[in-house]
Structure formats: structure tokens, C-alpha cells
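First listed ligand is number 1; within each ligand, the first listed atom is number 1.
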Amino acid sequence: MLTANGLAGFTPRHLLSISDMNRLDIEMLLDLGEAYLDLSVQKDTQNHALAGKTLINLFFENSTRTEKSFELAGRRLGADVINMAIAQSSVAKGETLLDTAATLNAMNPDLLVIRHGASGAPALLSQKVSCAVINAGDGMHEHPTQALLDALCLRQAFAKTGQDIGGMRVAICGDILHSRVARSNIQLLNILGAEVRLIGPPTLLPADADRWGVDVFHDMKKGLEGCDVVMMLRLQLERMGGAFIPSKREYFHFYGLDRTKLAYAKPGALVMHPGPMNRGVEISSDVADDPEISLITKQVESGVAMRMAILHALSLKERGGRS
Ligand code: NCD
């Protein structure tokens with residue numbers, strides 16, 4: 001069984017934002033994630049670090065990868081896992097988030113994972129319950145566990161070359177404006193010392209992006225120059241109130257990643273996408289499905305291991321009163 005020895009000094013009680021952690025916390029989680037990744041390829045993937053603990057998954061927005069990987073991570077660690085089906089819960093009868101929180105809190109969970117359409121919902125919940133709260137995506141705000149799993153995936157992918165995330169140039173491309181994945185990844189990559197570039201049309205870049213410690217580009221050719229990693233984002237049509245792009249076909253022409261545009265990046269550059277992908281809109285199938293350059297499947301694999309590490313680390317904190 002993996003022990004938590006390497007977590008001495010891990011400070012956060014909740015994981016609501018990347019800004020809850022310092023570099024040391026992040027490195028400790030990545031080290032544990034790496035150990036769990038090794039475990040995931042062994043015959044017996046079970047570990048009992050969360051035996052006797054209860055994990056509640058509360059997803060108010062659709063999810064495939066994130067919800068299932070938290071469920072699998074919890075089960076692999078021996079926890080009792082409850083997935084709340086919101087459509088069949090009292091939320092559908094008009095219960096407020098805080099009343100739902102009070103009900104769940106009375107069941108004494110140890111860990112609560114929440115995805116919500118409103119930015120700040122996990123932070124609000126964390127003030128009302130006595131267990132650890134993990135943000136699995138809140139509106140356009142943050143998705144910290146995605147950024148952590150992406151970093152774990154990069155560590156693994158570049159292990160052979162000995163290249164450290166701190167020395168990488170990473171381009172995050174596409175719909176930055178609506179992306180919580182981008183907001184968490186920018187912070188995490190900055191903490192780890194990577195050089196971050198944002199590439200997208202002006203309508204899909206926040207007005208204050210140049211104050212985020214990044215370089216902003218509107219042209220893929222210029223932006224991708226010398227990049228080790230190209231992270232593509234989905235066009236978040238469900239968060240767009242109006243027309244942000246002329247057409248999907250035109251968007252692909254200027255910003256969709258195909259082999260021609262990938263050739264602007266560093267030779268051997270690797271491609272990421274958090275999923276779900278819109279093929280032919282932000283990325284071509286040709287690039288997405290090439291295991292030599294695409295890390296997309298590996299990101300999902302890293303997701304389970306990284307979430308095991310996060311659940312393990314946060315379960316070590318004393319269950320407190322409301323904080
Ligand atoms: C992302 C999300 O939900 O923010 N997906 C994910 O968690 N794997 C990105 C997206 O929906 O485009």
C-alpha cells in the first residue's frame with residue numbers, strides 16, 4: 001500500500017483553486033500521482049488508503065471523464081462512493097445548493113467532489129460542510145484537478161528526454177475565454193516555471209489575459225513557434241450567448257490543429273486536449289488519433305491516478321467544523 005509519507009507538509013484542506021497550493025504542495029501531489037500511475041498498470045490496482053471513508057460525487061453539469069475517474073479513483077482506494085444523480089435528486093424539486101449541502105453534510109462524508117455551472121459554487125459549499133471539498137469544474141472559473149492531471153501526464157511523457165515542465169514552452173489554444181481548464185493550467189504551469197502562450201481569436205481571449213503572466217497571440221504560426229506542447233481547447237458553445245466565431249469551418253481554418261499547423265511548433269511537440277473533442281472544429285482526427293504525438297488517451301489514464309493522489313492527500317486532513 002502506498003503510504004502518505006511524502007505528504008508531510010501538504011497544506012490545503014480543500015482543492016478549490018490552483019491558488020490554494022504552493023509549489024511544494026503541487027510537487028507532492030504529482031509525486032504521489034506518479035506512484036499511483038505505476039500502481040494502475042499492475043495486476044492488483046487496489047489500495048486501501050480510503051477504506052471506511054465516504055466520497056460523494058455531486059455533478060450539476062455533464063461529465064464523462066471527470067466523474068467516472070473520481071468514481072474509479074475512490075473505489076480503487078477502497079472508499080464508499082456515492083454518485084448523486086442530480087436529475088433524480090431533490091435539486092430537481094427546487095432545493096438550493098446550500099440545503100443540498102446541509103443534507104449531504106448530515107451523512108458525514110469525508111470527501112465531496114462538486115462540478116457546478118456557477119463559478120464559486122465549490123468555495124461556497126466548502127464553508128457549509130465539514131469535509132474536504134474538491135472542485136471538479138465551476139463555470140468558467142477553474143478546474144484544478146484537470147491542470148494537475150495534465151502536469152502529471154507531461155511529466156511522464158517527457159521523462160525519457162529528461163525535460164522538466166519548468167523549461168517548457170506550452171501553447172494553450174482556442175476558446176480561452178470560456179475555459180476553466182485554461183485558467184487552472186495557466187496558474188499551475190506558471191507556478192512550475194513553464195513559459196505559457198495563449199493563442200486564439202480576439203473574441204475568445206479575455207480582455208485582461210495579458211496580465212496573467214502569459215504571451216498572447218492571435219496567429220497560430222507565430223504562437224506555436226518553438227512550443228514543446230500544444231494544448232487544444234473545445235469551443236464551449238454552451239457558454240456562448242452570441243456569435244463568437246463566424247463559422248466552425250472558418251474557425252478550423254485559422255485555429256484548428258492539423259499537421260500543417262503542428263509543424264510550426266518544435267519538432268516532436270506533443271498535443272493535449274482535455275476532452276470532449278470536437279473533431280474537425282478545434283483538432284483534426286489525424287492529429288488527435290496519432291499516438292506518437294497525441295497525449296489525449298494518456299491524459300485520461302493520468303486522470304484516475306492523479307485523482308487517487310488528490311483524494312488520498314485531502315483525506316488525511318482532520319474533518320473539522322465548518323470553516
Ligand atoms: C473540460 C471541462 O469540463 O471543463 N472537460 C473535462 O473536464 N475533461 C473541458 C470541456 O468541457 O471542454
Side-chain angles (χ1 to χ4, degrees), residues 15-18 33 57-74 83 86 113-123 133-154 170-189 198-201 204-206 229-241 244-245 248 251-252 255-257 271-283 285 287-288 294-311:
L15 183 49
L16 306 172
S17 160
I18 291 296
N57 274 328
L58 192 57
F59 278 66
F60 290 86
E61 276 192 346
N62 295 343
S63 174
T64 307
R65 276 152 280 265
T66 308
E67 183 175 7
K68 293 297 162 237
S69 67
F70 267 114
E71 181 178 353
L72 194 55
N83 291 325
I86 299 298
V113 176
I114 175 174
R115 168 171 285 192
H116 200 283
S119 300
V133 176
I134 299 165
N135 179 3
D138 60 333
M140 293 162 25
H141 177 228
E142 275 217 44
H143 194 351
T145 67
Q146 178 71 41
L148 284 160
L149 78 86
D150 287 342
L152 176 61
C153 189
L154 281 179
V170 182
I172 304 180
C173 315
D175 184 1
I176 318 275
L177 181 65
H178 301 103
S179 177
R180 52 198 179 201
V181 173
R183 284 175 178 76
S184 289
N185 257 309
I186 291 165
Q187 292 181 70
L188 186 100
L189 289 165
L198 303 184
I199 315 175
L204 292 178
L205 277 154
V229 179
V230 186
M231 191 181 285
M232 300 307 298
L233 298 172
R234 183 175 65 88
L235 270 185
Q236 310 240 325
L237 296 171
E238 75 277 20
R239 301 192 204 282
M240 294 184 193
F244 284 76
I245 53 162
K248 286 184 190 166
Y251 181 79
F252 184 76
Y255 295 102
L257 189 69
V271 175
M272 304 180 93
H273 191 305
M277 274 184 283
N278 285 317
R279 293 168 181 269
V281 179
E282 69 263 359
I283 193 165
S285 289
V287 168
S294 167
L295 293 176
I296 298 170
T297 314
K298 294 236 180 308
Q299 284 174 271
V300 179
E301 203 183 320
S302 302
V304 178
M306 197 60 237
R307 284 165 181 138
M308 287 172 85
I310 293 163
L311 293 173

Give a table of atom pairs where an N or O of ligand 1 lies under 3.5 Å from a protein N or O.
{"from": "ligand 1", "atom 1": "3 (O)", "to": "R115", "atom 2": "NH1", "distance (Å)": "3.3"}
{"from": "ligand 1", "atom 1": "3 (O)", "to": "R115", "atom 2": "NH2", "distance (Å)": "3.2"}
{"from": "ligand 1", "atom 1": "3 (O)", "to": "R180", "atom 2": "NH2", "distance (Å)": "2.9"}
{"from": "ligand 1", "atom 1": "4 (O)", "to": "R180", "atom 2": "NE", "distance (Å)": "2.7"}
{"from": "ligand 1", "atom 1": "4 (O)", "to": "R180", "atom 2": "NH2", "distance (Å)": "3.4"}
{"from": "ligand 1", "atom 1": "5 (N)", "to": "G275", "atom 2": "O", "distance (Å)": "2.9"}
{"from": "ligand 1", "atom 1": "7 (O)", "to": "T66", "atom 2": "OG1", "distance (Å)": "3.0"}
{"from": "ligand 1", "atom 1": "7 (O)", "to": "R115", "atom 2": "NH2", "distance (Å)": "3.0"}
{"from": "ligand 1", "atom 1": "7 (O)", "to": "H143", "atom 2": "NE2", "distance (Å)": "2.8"}
{"from": "ligand 1", "atom 1": "8 (N)", "to": "P274", "atom 2": "O", "distance (Å)": "3.0"}
{"from": "ligand 1", "atom 1": "8 (N)", "to": "G275", "atom 2": "O", "distance (Å)": "3.2"}
{"from": "ligand 1", "atom 1": "11 (O)", "to": "R234", "atom 2": "NE", "distance (Å)": "3.4"}
{"from": "ligand 1", "atom 1": "11 (O)", "to": "R234", "atom 2": "NH2", "distance (Å)": "3.0"}
{"from": "ligand 1", "atom 1": "12 (O)", "to": "R234", "atom 2": "NE", "distance (Å)": "2.7"}
{"from": "ligand 1", "atom 1": "12 (O)", "to": "R234", "atom 2": "NH2", "distance (Å)": "3.4"}
{"from": "ligand 1", "atom 1": "12 (O)", "to": "Q236", "atom 2": "NE2", "distance (Å)": "2.9"}

Step-by-step side-chain hydrogen bond (donor to acceptor under 3.5 Å, both in side chains) determination, E71 to N83: CA-CA 8 Å; E71 181 178 353; N83 291 325; 2.7 Å; yes
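Using cut-offs of 30° and 60° for the angle between ring planes, the H178 and F244 rings count as perpendicular.
At least one cation-pi condition fails for R115 and F59: the charged atom is not both under 6.0 angstrom from the six-membered ring centre and inside a 45 degree cone around its axis.
E282 meets the side-chain hydrogen bond (donor to acceptor under 3.5 Å, both in side chains) test with H273; sequence neighbours excluded.
Formation of a donor-acceptor pair under 3.5 Å by the R180 side chain with backbone atoms of G139 is found in this model.
Among I199, V230, L233, the one residue that satisfies the side chain to side chain contact (heavy atoms under 4.5 Å, CB included) test with I172 is L233.
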